[in-house]
Protein chains: 2
Amino acid sequence: MEKEVTIYDIAKELSISPTTVSRGLNNHPAVNKNTKQKIIDVASQMGYRSNTFASKLRKQRTNTIGVIVPRLDSNFQSCVMAGMEKVANEAGYNLIISQSLETVQKEIANARTMFDNRVDGLLVSIAYDTENIDHFEPFFSKGIPVLFYDRVPEHKKCTSIVIDNIQAAYKATAHLVEQGCSNIVHISGNLKVNVYKDRLKGFKYALMDSDLPFSESSVITTNLNEEAGIQAAKQILQMNPRPDGIFVANDNCAVSCVKTLKQAGVRIPEDIAVVGFNNDPITRVIEPNLTSVDYPGNEMGEVAVRSLINYLDGMSDVSLTNTITLRSELVVRESTTRTGATGAVAP
Amino acid sequence: MEKEVTIYDIAKELSISPTTVSRGLNNHPAVNKNTKQKIIDVASQMGYRSNTFASKLRKQRTNTIGVIVPRLDSNFQSCVMAGMEKVANEAGYNLIISQSLETVQKEIANARTMFDNRVDGLLVSIAYDTENIDHFEPFFSKGIPVLFYDRVPEHKKCTSIVIDNIQAAYKATAHLVEQGCSNIVHISGNLKVNVYKDRLKGFKYALMDSDLPFSESSVITTNLNEEAGIQAAKQILQMNPRPDGIFVANDNCAVSCVKTLKQAGVRIPEDIAVVGFNNDPITRVIEPNLTSVDYPGNEMGEVAVRSLINYLDGMSDVSLTNTITLRSELVVRESTTRTGATGAVAP
DNA sequence: TTGTACGCGTTATCAC
DNA sequence: GTGATAACGCGTACAA
């Protein structure tokens, strides 16, 4: 491991001061064009690399954004990450990413690491069992912006980026009603999590507005994974009268549910129409193609980072907007198209 | 923004030296139990957080691993990331992740950033059009370990983590032959990329060993996305004689290809049997379920980080092992099961 | 336009 | 078991 080249070495080489070298490398306006070019040349020729730690220690800015995500290996979250990385990269920020693996303990530990790493800002989608946000208190009290996205806490003072889950669920359910469903079941996730709670609300509201009865027994609470879809389907097959519509809070679960129902001889959408949520690529693979709520993961990531950076650069208003709501949209496909004549069928 | 608490503040508070405080906080053996406890208490009480930059500046170790990945929003890569994050996190390392978006230019820029951020090591899966690895030269010459995974360069001196793509493709093709296919087409990706080049090789070898003729016209080179699968299917439908087997170099493309073939009335697997690659979740959604090569993304990520850290800790041999090959496995499903009696059908 | 001198917060080294 | 001191490499107020 050879010795690192520093601005002092460059300075010595050119018989100028380290200050000028520093300025030259940072595009400081008050530095001679020629000098600057020489500095840059010698720097690259000597294999100089800026020591970001020294720099970050000196400036109190790290150009680093922390991300805490429940899991990286989900289609939605990886789209979010992709969007975040793109914007962050373009703006010269680094991303430190960590997973909570759906547990508060890890989320707390990760928050601590992010704090110690002095991230300029933090982006969080909270874990299943996160019930309070005390572990972000250090950020709040230091004025470090924390921006929640998708899975956001109840806490009113949090800045969040979400879609209108109530409205989206409402539309999904209303669509089922339009297709003639009158006995609709909702397969939901952990109801402590805002997104699932809100989807349930939208489901209820839509039933109410259609003068359809709502009963607790028409909500199946699961963890929304593949296995859950199978179990839910079995449960539905036992129901009497059998439901004619299902609104599932995520596509993964919806797909395994559909598969199980089909195996049992249920015709989709004729016997039971099904709507999912997320618009994952699998919606276009399952037969029949699954109607779903398009949920812009990439965009959510981009907006999250962009908002954060704008705030950090002082370019937005003093405080972050309290809630940013992205558009979402019901994409109608065959799993709910009974007449073959309703709505625009997406590719 | 209040003033940050430093070890000096803690030292003053306890009337001891900063040195002792530093030691106390770092579990240095030679420090009195009581003193240590006091230090820890006062530190947390004063809201102290270690300044990692000062620390990293002083020690010449950053505990940071850089990752350069083509795209984050692919099922395979997000599984890899998940595995990497898990191991890195447990070992106290941070991950800085960036995407090349399949272009060398971004890959070069990202490498530079990683270099400036003085990552302790680098993990790379190279972009489509990366033809040489000069941009990693700075790492090599500084002795910073660079570990390539999945998409690795030709360069002999690179340390890589891969699966045996030749063998996997061989098995996939041989399986098609066993099922009675004698006119097999291979849908491949950019042949400059090792994984696709090797899969083509395995395809050829298997044909040779089965005494089946190989012709260039039975290889369709695409970019392996959804649209490519549709185009490839159309091309196949035009072929005369029509092939009875297809080996596709990735699942995404295989799925859209199957869909298109089915729409054209082709029976899978009776008319054409199809094998994919990656064992993405969609293989179990498409009908018929797709036979595919199981490709351990999570494990690859874990192994990559673990190898790197072992090396950094000096726990493995002096140099990184040149190539680590992970097991891969053909998972037989309905898309190739003609008799219904061959091989173990996966769930 | 350039240079001098200091401090950012930590840890390694040496001395006690 | 503890402390004084220097150094890591950079950016910036101030001076010239």
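Residue numbering restarts at 1 for every chain, and letters A, B, ... go by the order of the sequence lines.
Counting all heavy atoms, side chain and backbone alike, B:A91 lies closest to B:I309 at CB-CD1, 3.5 Å. Considering every non-hydrogen atom in both A:D120 and A:P145, the closest pair reads O-CD, 3.4 Å.
Heavy-atom distances to DNA chain D give each of B:V21 and B:A54 a nearest nucleotide, and the one nearer the 5′ end belongs to B:V21. Of the two residues near DNA chain D, B:H28 and A:R58, the one whose nearest nucleotide lies more 5' is B:H28. Comparing B:L57 and B:T19 by the nucleotide of DNA chain C whose heavy atom lies nearest to each, the residue mapping closer to the 5' end is B:L57. Mapped onto DNA chain C by nearest heavy atom, B:N51 and B:R23 fall at different nucleotides, with B:N51 at the one closer to the 5' end.
The shortest distance between the side-chain N/O atoms of B:T35 and the OP1/OP2 oxygens of D:dG1 is not below 4.0 Å. At least one side-chain nitrogen or oxygen of B:S55 sits closer than 4.0 Å to the OP1 or OP2 atom of C:dT11. A sub-4.0 Å separation between OP1 or OP2 of C:dT11 and a side-chain N or O of B:Q60 is absent. Contact annotation: B:Y48 side-chain N/O to C:dT10 OP1/OP2 distance is under 4.0 Å. Phosphate proximity of D:dA4 to B:S17: absent, as no side-chain N or O sits under 4.0 Å from OP1 or OP2. Residue B:T6 has no polar side-chain atom (N or O) positioned under 4.0 Å from OP1 or OP2 of C:dC8.
Whole-Å rounding puts the A:L14 CG to C:dT1 C1' distance at 16 Å. Atoms CZ (B:R49) and P (C:dC8) sit 16 Å apart, rounded to a whole Å. Summarising the geometry, the separation between CD1 on B:I39 and P on C:dT11 is reported as 12 Å, rounded to the nearest angstrom.
Residues B:F148 and B:F136 bring their aromatic ring centres within 6.0 Å.
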